[in-house]
Amino acid sequence: MITALLLFWPALAALLVLLIKGEGAKKVAFIATLVEFAIALFAIVNFVPDATTQFALDMPWMERAGIGFTIGMDGISLLMVLLTTFLVPLIVLSSFKHDYKNPHVFYALVLFMQTGLIGVFVAMDAFLFYFFWEVALIPIYFIAAIWGGARRIPVTFKFFIYTIFGSLFMLAAFVYLYFQTAGTELAAHSSNVNAFYQLTLDSATQSWIFWFLFLAFAIKMPVFPFHTWQPDTYTESPTQATMLLAGIMLKMGIYGVLRWLLPVVPLGVSQWADLVLVLSIIGIVYGSIIAIRQRDMKRLIAYSSIAHVGLIAAGIFTLNEQGLQGGVIQMLSHGINVVGLFFIVDIIFRRTNTREIANLGGITQTTPALSIMFLTLLMGSVALPLTNGFIGEFLLLSGVFQYNHYFGAVAGLTIILGAVYMLRMFQGVMFGTKSEATEGFADLTFHEKAVLIPLVIMVFWIGLFPNTFLSISEPAVGQLLSIINR
């Protein structure tokens, strides 16, 4: 019942928001997202940290075909649901100073997208997973295409084509796997996740299925060289859409790898893991170097995201506990840090009408609150000890080193390069003499603090007390490894 409530509440709230004209829409949307977060907290409190799927609901959908409306949460799912329900209220709150045309449509789309995201994380049926995978795409497409920047139409169309292209390969793989399953008295086959886990396919079959699934997930993450849609989409989208894309939506791809790729085609994974690690590590170095050369703050953070996701992908494909646990905790940390950083860029842009680092400077002279929160989120992003980023990167690099020392050495460059582009940005924007754009720059308002303070708290909570979250995912990760190594 809890999972169903988490899934359907945002959709019901979206329908209500559509009926509300004017400024009331954002307030109702914000309250609805707070209710959703409260439901997620209730699930956390009642969750038993073991490897089972909890709060499950299994109802017939297309019963004669063996396709069910099967939802539930294990530790990995629960953390992704927690991340989504924690960030969406802050994303909605961050938009209150923006005057979006047709706000009731904008906030309804955000809520519909939240339904799609939650659906991806709780689906335990392949076709239900695919359904919500596509549901999550439609709202963000319209948000970016309607309220984005000057180049929004071609950029959003490219993003849509990339994602749909990958999704079709995933669907083809799911259809093939479905026809390989044994059925029941009612249906000849099943699309339940456990039925997929029980398949014993030969190595050649698993090899091509691996690429069909990996292509869909790699585009969404994105992993080099499937990343070319990302920087332009992040830059041209309105800030709240960028937050949804970077903070939550890219986690769909990583989660898909954990739930549907690694345990379903382990022989395919073992064949291609080295290549995926090479691509991921290239993404770390490539994304970091391009980020160093960026003059636009938003574009810099977009490329930094490619580097961070590259490390997460590399750690996950090591198929050891450190890499998998590091990937899960780093998904949380990256979501928190990147949403905070994009919001700070939005604050600076609204006050100065520029995101160019060269046109800024001296902001820290009159903004103690902004300076502290900006630096805290930045330190989390560069993995300073005692911050959230350190825990994930330590586990990920430990996993990669355990897999291959040379891969680990190159992947470790993420710490150095990350510090270079992030500190360069902070120095150029916050220090030095004031520019014409930053004269009279005001510190954070109460509303802006309300968005940033919870994010800063989570930077230190995950950094100081990581077992709060690692203990939730550990049994599920152990179960995943046992399925992979069976």
Side-chain angles (χ1 to χ4, degrees), residues 1-12 36 39-82 84-85 112 114-136 167 170-171 173-200 213 251-252 255-265 472-473 475-480 482-484 486:
M1 185 62 184
I2 294 175
T3 308
L5 193 57
L6 281 166
L7 181 58
F8 291 117
W9 171 251
L12 293 173
E36 179 81 346
I39 299 169
L41 291 178
F42 181 80
I44 285 278
V45 170
N46 289 277
F47 182 79
V48 178
D50 59 29
T52 61
T53 299
Q54 300 176 39
F55 315 121
L57 176 66
D58 188 1
M59 296 175 60
W61 184 15
M62 290 175 266
E63 192 172 13
R64 300 300 299 177
I67 300 172
F69 189 87
T70 308
I71 56 177
M73 293 183 284
D74 63 5
I76 299 171
S77 305
L78 185 60
L79 289 181
M80 294 301 98
V81 168
L82 181 65
T84 304
T85 57
F112 277 126
Q114 186 175 21
T115 293
L117 293 166
I118 296 292
V120 166
F121 296 136
V122 303
M124 294 295 167
D125 179 279
F127 294 116
L128 189 64
F129 175 85
Y130 176 79
F131 172 77
F132 284 116
W133 181 274
E134 299 299 348
V135 166
S167 299
M170 177 173 65
L171 178 61
F174 280 169
V175 169
Y176 178 85
L177 291 167
Y178 166 78
F179 281 111
Q180 307 310 305
T181 61
T184 63
E185 294 179 0
L186 291 175
H189 302 285
S190 172
S191 56
N192 188 280
V193 65
N194 292 315
F196 280 23
Y197 288 175
Q198 292 167 13
L199 291 173
T200 53
L213 293 175
K251 311 306 185 296
M252 288 168 48
Y255 178 82
V257 169
L258 292 170
R259 180 68 65 208
W260 296 99
L261 181 65
L262 301 184
V264 173
V265 288
I472 294 173
S473 61
V477 167
Q479 177 75 2
L480 179 64
S482 69
I483 295 172
I484 294 169
R486 67 184 184 274

task = Report yes if some heavy atom in the side chain of V122 is under 4.5 Å from a heavy atom in the side chain of F55; otherwise report no.
result = no
inquiry  = Under the rule for ring pair (Phe, Tyr, Trp, His ring centres under 6.0 Å), what residues qualify as partners of F132, not counting sequence neighbours?
reply    = none
Give every donor-acceptor pair under 3.5 Å between a side-chain atom in residues 72-82 and any protein atom, sequence neighbours left out.
| unit_1 | atom_1 | unit_2 | atom_2 | d |
| --- | --- | --- | --- | --- |
| D74 | OD1 | I76 | N | 3.2 |
| D74 | OD1 | S77 | N | 3.0 |
| D74 | OD1 | S77 | OG | 3.0 |
| D74 | OD1 | R259 | NH2 | 2.8 |
| D74 | OD2 | R259 | NH1 | 3.0 |
| D74 | OD2 | R259 | NH2 | 2.9 |
| S77 | OG | F121 | O | 3.2 |
| S77 | OG | Y255 | OH | 2.9 |
| S77 | OG | R259 | NH2 | 2.9 |

inquiry  = Run the side-chain hydrogen bond (donor to acceptor under 3.5 Å, both in side chains) test against S473 and tell me which residues pass, sequence neighbours left out.
reply    = Q325
request  = Output all residues satisfying side-chain hydrogen bond (donor to acceptor under 3.5 Å, both in side chains) with T70, sequence neighbours left out; order by chain, then residue number.
outcome  = D58
ask   = How would you list, by chain and number, every residue that makes a side chain to side chain contact (heavy atoms under 4.5 Å, CB included) with S482, sequence neighbours excluded?
value = Q479
ask   = Any donor and acceptor pair, going by atom type alone, linking the side chain of T115 with main-chain N or O of A11 inside 3.5 Å?
value = yes
Side-chain touch N192/T181, heavy atoms, less than 4.5 angstrom = no
key: Set of residues satisfying side chain to side chain contact (heavy atoms under 4.5 Å, CB included) with respect to V45, sequence neighbours excluded   = none
ask   = Are I118 and T84 side-chain neighbours, meaning at least one heavy-atom pair lies under 4.5 Å?
value = yes
ask   = A136 and G116: which non-hydrogen atoms are nearest, and at how many Å?
value = CB-C, 3.9 Å
task = List in chain and number order the residues that pass side-chain hydrogen bond (donor to acceptor under 3.5 Å, both in side chains) with W260, two or more places apart in sequence or in another chain; answer none if no residue qualifies.
result = none
query = Out of L57, L7, I39, which residue meets the side chain to side chain contact (heavy atoms under 4.5 Å, CB included) rule with I2?
reply = I39
remark   = So side chain to side chain donor-acceptor pair (under 3.5 Å) across residues 118-132, not counting sequence neighbours, yields D125-S191, Y130-E134
key: Separation between CG of L5 and CD of E36, rounded to the nearest 0.5 Å   = 7.5 Å
request  = With the side chain counted from C-beta on, respond yes when F174 and L213 share a heavy-atom pair under 4.5 Å apart, and no when they do not.
outcome  = yes
request  = Quick one: pull up OG1 in T53 and CG in N194 and give me the separation to the nearest 0.5 Å.
outcome  = 6.5 Å
request  = Could you tell me the separation between the OG1 atom of T85 and the CG atom of L41, rounded to the nearest 0.5 Å?
outcome  = 6.5 Å
request  = Quick one: list whatever passes side chain to side chain contact (heavy atoms under 4.5 Å, CB included) with D50, sequence neighbours left out.
outcome  = V48, T52, Q54
message = If the condition is ring pair (Phe, Tyr, Trp, His ring centres under 6.0 Å), which residues does Y176 pass it with, not counting sequence neighbours?
response = W208
inquiry  = So, taking the atom named CD1 in I71 and the one named CZ in F129, what distance separates them when rounded to the nearest 0.5 Å?
reply    = 14.5 Å
